[in-house]
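Heads up: the structure comes next, in structure tokens.
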Amino acid sequence: MEKRVLKDDNDRVDGILKVTGQAKYFAEYELPGLTYGVLVTSTITKGKITALDTKAAEKAPGVIAVISHLNKPSAAAYEQEGGPQMKIFYTDKIFYNGQPIAIVVANTFERATHAASLVKATYAKEDFNTDFEKALKDPKAKKLQGQADYKRGIENAYKTAVVKLEERYFLPIETHNPMELHGIIADWRPNNQLTVYAKTQGVKATQGTIANVFKIPMENIQVNSEFVGGGFGMALRTWPLEIATVMASKHIGKPVKVVITRMQMFTMVGNRPAAIQTIGLGANKDGKLTGITHRAYGETSTYENFTEGVVNMAKFMYQCDNVNTAYAIVPVDLGVPIWMRGPGEATGAFALESAIDEMAHALDMDPLDFRIKNDPETDQQKNKPFSSKNIKEAYKIGAEKIGWSNRKNKPGSLIEGPWQTGYGVSVGVFNANRGKASVKGILKADGSLHLQSATSDIGPGTGTGMTLIANKLMKIPVNKITFELGDSSLPPAPSQGGSATLSTVGSAVNDVCVALKSAIAELAANSNMDATANFVDVLKKNNLPQIEVTKESQGGKERDNYSMYSFSIHFVQVKVHALTGVVKVSKIVSVGDSGTIVSPKTARSQMLGGAVGGIGMALTEESIIDHRYGRYINNNFADYHVPVNADVPEIDVNFINKPDPYINPMGAKGMGEIALIGFSAAVANAVFNATGKRIRTLPITPDKILA
Amino acid sequence: MINFQYLRTTTAKSAIALLVKDKNAKFLAGGTNLIDLMKRGVTAPEKLIDINHVPLKQIEQIGNKIHIGALASNSAVADSALIKEKLPLLSWALQAGASAQLRNVATVGGNMMQRTRCSYFYDTEMPCNKRQPGTGCGAMEGFNRMHAIFGASEKCIAVHPSDMCVALTALDAEVVVANAKGERKIPFKDFHRLAGDTPQLDNNLKADEMIIRLEIPMNNLAKNYHYLKVRDRASYAFALVSVAAAFELSNNKITDIRLAMGGVAHKPWRLTASENFLKGKEATLSNFEEAAQLAMKDAKGFGGNDFKLKLAPNTIIEGLNLAKSKV
Ligand SMILES: Cc1cc2nc3c(=O)[nH]c(=O)nc-3n(C[C@H](O)[C@H](O)[C@H](O)COP(=O)(O)OP(=O)(O)OC[C@H]3O[C@@H](n4cnc5c(N)ncnc54)[C@H](O)[C@@H]3O)c2cc1C
Ligand code: SF4
């Protein structure tokens, strides 16, 4: 089967496979003798399991095993003292409501589901608290430092500024909710040989975690994850449910498949933690910032700490001599959070970029002018020049396209019947990373190039980007290039996170191509061929069916000399209905400043997805808990509102597309995170401009507009 | 496995006969609500009587009434040329509900019989008087943002989630139901009930009865009408508040008017006082505003839904405005 029928070199290499159902996701693998696992979850929020009645489940038709802390199958690392607290099936402790406490394995999914409902736990309950705000107010509740305090110049300088503000911003829990449900297939065979089909952002990470828990060599474990139906960060770790599945397979000696339910997606695979942030800003009359203070509290679990970069942006985004930040995490009795797209930076940008808008308003300045006025030439935090930064150009493009000149600085000025129109802008910024990765290249005499790396593609179009890098360097047509990923036996690469894959793995692709070219040149020279000879001719002349090269690649000194960030500017126009409080995003212009755009189509898709996620963060998404019970209230797709098509206007995506001279050979910086970071503030700012109402608690639902 | 028997029948008569034979039997129409409730363990019928093959899908005019069979799909009704021409308010209300995929299989009868979306009702680990009488109302002091502001009882403050039913209440529809002995008619406004002391009962359909069809009288409300649904996202979300508004104008004077609200009570909420006020009056903003205030008499919030006390009258005003501005 021809893998690809591309109409355009920039088409997604696996697009046809995906839209024709040929792309195979983890849950679609059918192994001989496959069995099905379903997880039983706690119905209390904190305490201990005092008894677990599994008899009825064990007797139910088709049931092969019920595994819990009562009959914990061996997992070497969990048998030792210490280590993580949440050692699944090695503890009778309940840390949160919905925690997996047993797995029922049966010969069909339906039978396992039914039998799981027959497992009855008895608990010794303890007092609990799932309410982050309550914990924050409680002097007895723990607050842990999440990041070292930062101070430049005078602390809290905003307090003595001519123009000052101090505001508090609240972000609720959000749940990643990719379309594909989480799960894994584990096939433990004799001699501790294990194959898993996983939904993971890192096949090597999954391999490593499992090897650690079961204390078997990495080489014994084969992890496959060719296609992932959306990750957004939730597949950046191997979750207890996955370990439970491996345990089950080891225990029964058969492959076990687990696909969790949508409800379990709210309690088993993390979320974006709630955050409460205070921003203090001070400025002089001319609109120069004189003080920035960013204090944030993020939610974490009681059994594991989770931190992220909530207060990073305040340290370098604006020119200001006096900056201080603090970030603490507050444990509550919920499952541990995990990075969600844009992670902490998106949380932080909501607060900071809202506050910047508020300050511009206090100064009676256009918020765009205010940003430009305070745009730094160098990174004051690292005291280094930026490797590249074209933010002023991005402001200009975006302002023109959204029609910024139609905006009135006085809120509530644009009224048409019951609809009020407003414009908002916000900046997003994220580390432009580059890690270490290896790629193998096989150049064949049939004119094809085959590339391999144990990286992942959770949707951004990794294969497409890598193919285009090789295509450009090798001048080999894209349909003669394949890029293989999602297989732990391939040359190692880091997990797909932090917008770093194109930079990291792409650099290795670059290095492989350069090496292949020089190998061909050498062969050509040795066989008296012209230096420009086609590699096919060179290989044939040398009677070589193929040559291969493996290269490990990583950044060097340039990372010490420059401050490297990707930037985005989001412009939105909103319409707010004065009577019903409905907010419609009516126009979006996003401008990405992330170096060279290697893969224009998939890069654009990233920006589209970021804007849609941003609308969700701004207007609709919130995971609601009834704190009396510690249970989620809206844990389904009817009640947890991700934006639908009708919520999303046309999105005008633009790129600066200028190479960064230092980051990597392609000059390309990551852009998965910046597509979302800042977006929610742009919406909140536009809502303010439309109505004069400043909403500091997301999501901006009609009730908040009417309040 | 919780086994159930699946039966299929092709006549209303035999469907009713099967229903009365077993205490724990239920009709299966589109299944978009019933199957979800079964999966969540909220209900566990022993018999499912599939009525999708009962020929009750008619949408037709008979005399000065429009008849709609209980098994006509939500999208068939919404897209019907006859409904669009004569009862556009109903078509709009249906279009505002659920998603295209759901509307394709959901039926008129099933839509009327759909149960509340209260989260506590769905979660069998939580208290709920509607699901399990006597366990308490989880929403009363919990998450009640979506809940009732009118006619709530101490036992239950849930709302009926349907959009279609709001329009049908406004349109003075009648519900034709049948048991083994014969048919009877229930005025639509009396079909659903308030929770009172028996929140487990959503409506007045008796255990041995089947919904056969709707009969909707012709009217002159096809010009100035609007179904305005306020929700948390633009589509595929239940109403925070919705308003069905339709009136007949003569010289800018309102000669006939229908107003009903959704998302505010245990049943579709007909705004009779507002209607009476507006009848004979001019269609002006100030009259609309006064009518909206009249509608809010006796409204009561429970904390999370207090915003509806403001949203509801605003939505009435805007619904009337939009109905007026239809050309
Ligand atoms: C995600 C989601 C979103 C939704 N959003 C909306 C919305 O925004 N607005 C809205 O109005 N609705 C919404 N709905 C609800 C939807 O309209 C109902 O589920 C649907 O109308 C039910 O019809 P059905 O034919 O599938 O009923 P079924 O599920 O088959 O049956 C429901 C009940 O009706 C009984 N029943 C069916 N037919 C008869 C009959 N002829 N006589 C007696 N009893 C009968 C059944 O026994 C059962 O108890 C949504 C549903 C979902 C799942
Ligand atoms: S409002 Fe009604 S349905 Fe909801 S919890 Fe209370 S009793 Fe149950």
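Heavy-atom basis, side chains included; hydrogens, waters and symmetry copies ignored. Chain A is the first sequence line, chain B the second, and so forth, proteins listed ahead of strands; every chain is numbered from 1.
- Looking at B/Lys310, its side chain does come within 3.5 Å of a backbone N or O of A/Leu706 through a donor-acceptor pair.
- Counted within 6.0 Å of CZ on A/Phe109, heavy atoms from surrounding residues, nucleotides or ligands total 12 or fewer; the atom is thus considered open.
- Counting only heavy atoms from C-beta outward, the side chains of A/Tyr629 and B/Met126 approach each other to under 4.5 Å.
- We find the CZ-OG1 distance between B/Arg233 and A/Thr620 to be 7.0 Å, quoted to the nearest 0.5 Å.
- Within 6.0 Å of atom CG in A/Asn645, 12 or fewer heavy atoms from other residues, nucleotides or ligands are found, so the atom counts as exposed in its surroundings.
- Between chain A and the residues B/Arg231, B/Lys308, B/Met146, B/Arg145, the most heavy-atom pairs under 4.5 angstrom are made by B/Arg145.
- Chain A forms the most heavy-atom pairs under 4.5 Å with one residue out of B/Ala237, B/Ser119, B/Ser99, and that residue is B/Ser119.
- At a threshold of 4.5 Å between non-hydrogen side-chain atoms, the residues B/Glu318 and A/Pro418 count as touching.
- Contact of the A/Thr580 side chain with the B/Leu311 side chain is registered, since non-hydrogen atoms from C-beta on lie closer than 4.5 Å.
- Among B/Leu228, B/Leu240, B/Asp123, the residue with the largest count of heavy-atom pairs under 4.5 Å with chain A is B/Asp123.
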Next item on the list: Determine, stepwise, if the pair B/Tyr120 / A/Asp626 fulfils side-chain contact (heavy atoms from CB on, under 4.5 Å).
Entry: CA-CA 10 Å; B/Tyr120 301 89; A/Asp626 185 326; 2.5 Å; yes
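- Proximity to chain A among residues 135-142 of chain B is limited to B/Gly138, B/Glu141, B/Gly142, judged by heavy-atom separations below 4.5 angstrom.
- Atom NZ of A/Lys584 has 12 or fewer neighbouring heavy atoms from other residues, nucleotides or ligands inside a 6.0 Å radius.
- Of the atoms belonging to A/His627, not a single heavy atom falls under 4.5 Å from chain B.
- Ranking B/Asp232, B/Ile317, B/Asp306 against chain A, the residue ahead of the rest is B/Asp232, based on heavy-atom pairs under 4.5 Å.
- The environment of B/Asn24 atom CG is dense: over 12 non-hydrogen atoms of other residues, nucleotides or ligands sit within 6.0 angstrom.
- At most 12 heavy atoms of other shown residues, nucleotides or ligands fall within 6.0 angstrom of atom CD in B/Glu154.
- Using a 3.5 Å distance cut-off with no hydrogens or angles, the side chains of A/Asn636 and B/Tyr122 do not pair a donor with an acceptor.
- The shortest side-chain heavy-atom distance between A/Val582 and B/Val230 falls under the 4.5 Å cut-off.
- In this structure, the portion of A/Arg628 lying under 4.5 Å from any heavy atom of chain B is its side chain and not its backbone.
- Comparing A/Val642, A/Leu619, A/Ile633 by heavy-atom pairs within less than 4.5 Å of chain B, the highest count is held by A/Ile633.
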